[in-house]
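Reading through the structure tokens given below for one structure.
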Amino acid sequence: MCGITGWISFDRDLRTEAATLDAMTETMACRGPDDRGAWLRGPAALGHRRLAIIDLPGGRQPMSADTPHGSVALVYSGETYNFTELRHELTGRGHRFTTDSDTEVVLRGYLEWGDGIAERLNGMYAFALWDGRQDKLVMIRDRMGIKPFYYYPTSDGVLFGSEPKAILANPLAPARVTLDGLRELFTMIKTPGHAVWDGMAEVEPGTVVTVDRSGLHRRVYWELETRPHTDDRDTAVATVRTLLDDIVRRQLVADVPRCTLLSGGLDSSAMTAIAARQLGERGQKVRSFAVDFVGQADHFVADELRGTPDTPFVHDVARTAHTEHQDIVLDAQALADPDIRAKVIRARDLPAGMGDMDASLYLLFRAIRDQSTVALSGESADEVFGGYLQFFDEEARRGTTFPWLVRFGRHFGEDAGVLRPDLLAALDLNGYIADGYRTAVEGIQGLDGESDLEYRMRRMSHLHLTRFVRILLDRKDRASMAVGLEVRVPFCDHRLVEYVYNAPWALKSFDGREKSLLREATADVLPQSVYDRVKSPYPSTQDPKYAAALQDQAKDLLAQPAHPVFDLVDRDRLHRVAHRDSPVHTQPERRGLERALDLAQWLDMYRPDVRTA
């Protein structure tokens, strides 16, 4: 994994700016607790924090290579799962390696193929190369956007980092958020390239960004393409299983303890069971972890989103796959702890607004990190295989907005309802969402002769794979790296994504259920209970003590009438919810409390210049 950062200034010698580079690098100490490094030469300054996963002694960074025409230096975050094959190919082309790390393979690959190395990589990565032969910076991000990557153009170059906090540590980048940033923060549509912070941008997934003296240049090296799918059902099921076996095998490679995240749903159960079978062939066992809440299994109440508690299914998988399993059980006090909320906001750099689900994810990862350094996750299978309820919701299918917003609107209410009415009017979030949707769907291609239903489902799939999944991948990366845990996502392998994306909806749902291809492809390793289970989202606590704690904290906030949060938040609405006689019980009310408290802590921590006009 790791954290990367850097500064390119074509008009100055950055060797005098070591202190600033150190400050940028140290913001990501949690991402890389094992080592740190810096490389400064002329207009380039590169910083690195390392989480050692492969070749523990040999993978130090920044890593550089001297050539007759100048030096090339690399800072790299992530994992390349096909580095063994690439290393063999490069060795055949005359390259000599001094380490066993995938980092050196990427560096040597760039020396051989230039930025064409991007097309050859299978993995999750964000890396930057300073090419002293041509005085240019090359930034490359993985196809699905698993690893975060931000940059900030300056008058004579660029700042970059794994996270916004690294860039904001440089005096050239003010912590400013405008109305456009607030729109992105409160709409959950993940506009490609948008970073919320004014002047900052994301390196988009599947993209190479090059910065030289002539300016900034972008090249898209991968995107979802519409292609005919000719395989029948049996062939498709077999192909999915073959791909999954290869993907999991590659992603189990590590020189440190590894585990799986197990929710008892189809995705994580299939991945865990495949991993258990593969490790079992070597006489090893999988360690699995699940999150649970005090009293949840005994007092669970089904609702529209979650029909069953996770724990019984988790334990069925653990027994069937013979994993070394542990439940991480959390209570309401921990979930509502303001210190935990502050750590989550610091990890995300923004008040992302997912409340107890963010807190529980952070606490789960923190507990796992005491015993493991790498975890495999079932994240993204719902986007790939069509698992969400909205895929079967006629209003969402036929709607003219992002389909997940239809479901969320029913269950959670308006995400921005906590804001002041005058600010809401200025933001015009409905207009922002409508514009974003039109842009998102305009380039989605169908197949000749494709039915209206098939095209609508292709469109839904495309939106989930290019917008919604990036929200969840960013959340998972930030929460895990905040505690120095590397989380790998097998279902984001681009080979699997490309194949399943182009399978027609009739094939993806051939038995009338969600994720039919995945279920059949892994049926032989699943307990019957999981095979039959209906999709259930990431769990959320139902403990009324959690909502009561939020109310108490909101009352404390209301006692500070001069707090800058009230430039954004509707004080009267917050007062009504906080002072109810009984704990809040509706999702919109609870979400409003979480949003207001998140905003207040974010303003206290970052002191951003928020411009609402």
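Counting only heavy atoms from C-beta outward, the side chains of F491 and L496 approach each other to under 4.5 Å. Between H194 and R183 the shortest side-chain heavy-atom distance does not fall below 4.5 Å. Side-chain contact check for R258 versus R488: every heavy-atom pair is 4.5 Å or farther apart. Counting heavy atoms from C-beta outward, K535 and F391 have side chains that stay 4.5 Å or more apart. At a threshold of 4.5 Å between non-hydrogen side-chain atoms, the residues W197 and D349 count as touching. Contact of the T522 side chain with the L266 side chain is registered, since non-hydrogen atoms from C-beta on lie closer than 4.5 Å. Taking the side chain as every heavy atom from C-beta outward, D246 and D493 never approach each other to under 4.5 Å. Residues V203 and F160 form no side-chain contact, since every pair of their non-hydrogen atoms from C-beta on lies 4.5 Å or further apart.
Tested against S268, the residues V314, L262, L261 include a single side chain to side chain contact (heavy atoms under 4.5 Å, CB included) partner, L262. Of the residues listed (H464, E383, E514), the one engaging Y388 in a side chain to side chain donor-acceptor pair (under 3.5 Å) is E383, and it is the only one.
Side-chain contact check for D231 and Y499: at least one donor-acceptor pair (N or O, by modelled atom type) lies under 3.5 Å. Neither side chain, D115 nor Y221, offers a donor N or O lying under 3.5 Å from an acceptor on the other. Counted by atom type alone, H494 and D142 present zero donor-acceptor pairs between their side chains at under 3.5 Å. Counted by atom type alone, T178 and D180 present zero donor-acceptor pairs between their side chains at under 3.5 Å. Checked by atom type, the side-chain pair T308/S536 shows no donor-acceptor distance below 3.5 Å. For the residue pair W505 and E450, no side-chain donor N or O sits within less than 3.5 Å of a side-chain acceptor on the partner. Checking T242 against D245 by side-chain atom types alone, no donor-acceptor pair falls below 3.5 Å.
A donor-acceptor pair is defined here as one N or O able to donate and one able to accept, closer than 3.5 Å; such a pair exists between the side chain of S77 and the backbone of C2. Side-chain atoms of T239 come within 3.5 Å of backbone N or O of T235 as a donor-acceptor pair. With hydrogens and angles disregarded, no donor-acceptor distance shorter than 3.5 Å links the side chain of D382 to the backbone of F385. With hydrogens and angles disregarded, a donor-acceptor distance shorter than 3.5 Å links the side chain of T226 to the backbone of Q445. In this structure, the side chain of S516 does not engage the main chain of G512 through any donor-acceptor pair within 3.5 Å. No donor-acceptor distance shorter than 3.5 angstrom exists from the side chain of N82 to the backbone of E85, with no hydrogens or angles considered. Not one N or O on the side chain of R233 forms a donor-acceptor pair closer than 3.5 Å with the backbone of L507. Checked by atom type and distance alone, the side chain of R513 pairs as donor or acceptor with a backbone atom of D532 at under 3.5 Å.
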Applying side chain to side chain donor-acceptor pair (under 3.5 Å), run through E184 and Y432 and close with a yes or a no.
-> CA-CA 8 Å; E184 187 67 17; Y432 185 74; 2.5 Å; yes
Criterion salt bridge (Lys or Arg N to Asp or Glu O under 4.0 Å) on D310 and R533, from CA distance to verdict | CA-CA 10 Å; D310 287 345; R533 190 184 185 194; 2.7 Å; yes
Please step through side chain to side chain contact (heavy atoms under 4.5 Å, CB included) for the pair L361 and M354, ending with a clear verdict.
-> CA-CA 10 Å; L361 194 66; M354 299 189 78; over 6 Å; no
Evaluation steps, side chain to side chain contact (heavy atoms under 4.5 Å, CB included), between R495 and I247 | CA-CA 9 Å; R495 298 168 299 164; I247 292 164; 3.4 Å; yes
Side chain to side chain contact (heavy atoms under 4.5 Å, CB included) between V237 and D234, intermediate numbers included | CA-CA 5 Å; V237 168; D234 290 344; 5.7 Å; no
List the steps and the verdict of side chain to side chain contact (heavy atoms under 4.5 Å, CB included) for L121 and F127.
-> CA-CA 12 Å; L121 299 178; F127 59 91; 3.7 Å; yes
Step by step, would you call E163 with R31 a salt bridge (Lys or Arg N to Asp or Glu O under 4.0 Å)?
-> CA-CA 10 Å; E163 299 178 358; R31 294 187 74 90; 2.6 Å; yes
Given salt bridge (Lys or Arg N to Asp or Glu O under 4.0 Å), test E204 with R470 step by step and report yes or no.
-> CA-CA 10 Å; E204 292 185 34; R470 296 177 186 175; 5.2 Å; no
Criterion salt bridge (Lys or Arg N to Asp or Glu O under 4.0 Å) on K190 and D474, from CA distance to verdict | CA-CA 10 Å; K190 194 54 176 172; D474 184 74; 5.4 Å; no
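In this structure, the separation between CG on L107 and CG on L74 is 5.5 Å, given to the nearest 0.5 Å. We find the CZ-OG1 distance between F149 and T207 to be 11.5 Å, quoted to the nearest 0.5 Å. To the nearest 0.5 Å, the span separating CZ on R143 from CG on L224 amounts to 11.5 Å. Rounding to the nearest 0.5 Å places CZ of R219 at 8.0 Å from OG1 of T210. In this structure, the separation between CZ on R467 and CH2 on W404 is 7.0 Å, given to the nearest 0.5 Å. Note that CD1 of I146 and OH of Y125 are 8.5 Å apart. Values are rounded to the nearest 0.5 Å.
Closest non-hydrogen pair, Y437 versus G399, comes out as OH-O, 3.7 Å. Across all non-hydrogen atoms, the minimal contact from L90 to V105 is CD1-O, 3.7 Å. When all heavy atoms are compared, the tightest approach of I4 to A128 is CD1-N, 4.2 Å. Contact between P490 and L376 at its shortest, heavy atoms only, is CG-CD2, 4.1 Å. Listed here is the closest heavy atom pair of E454 and A506: OE2-N, 3.0 Å. Here the shortest heavy-atom pairing between I189 and G436 reads CD1-CA, 4.5 Å.
With a 6.0 Å cutoff to the six-membered ring centre and a 45° limit on the axis angle, R250 does not count as a cation-pi contact of Y81. Relative to the six-membered ring of F408, R591 misses at least one condition, a distance below 6.0 Å or an angle of at most 45° to the axis.
Between R93 and E89, at least one side-chain N (NZ, or NE/NH1/NH2) sits under 4.0 Å from a carboxylate O, which counts as a salt bridge.
Taking the six-membered ring wherever Trp is involved, the centroid distance between the rings of Y110 and W130 does not fall below 6.0 Å.
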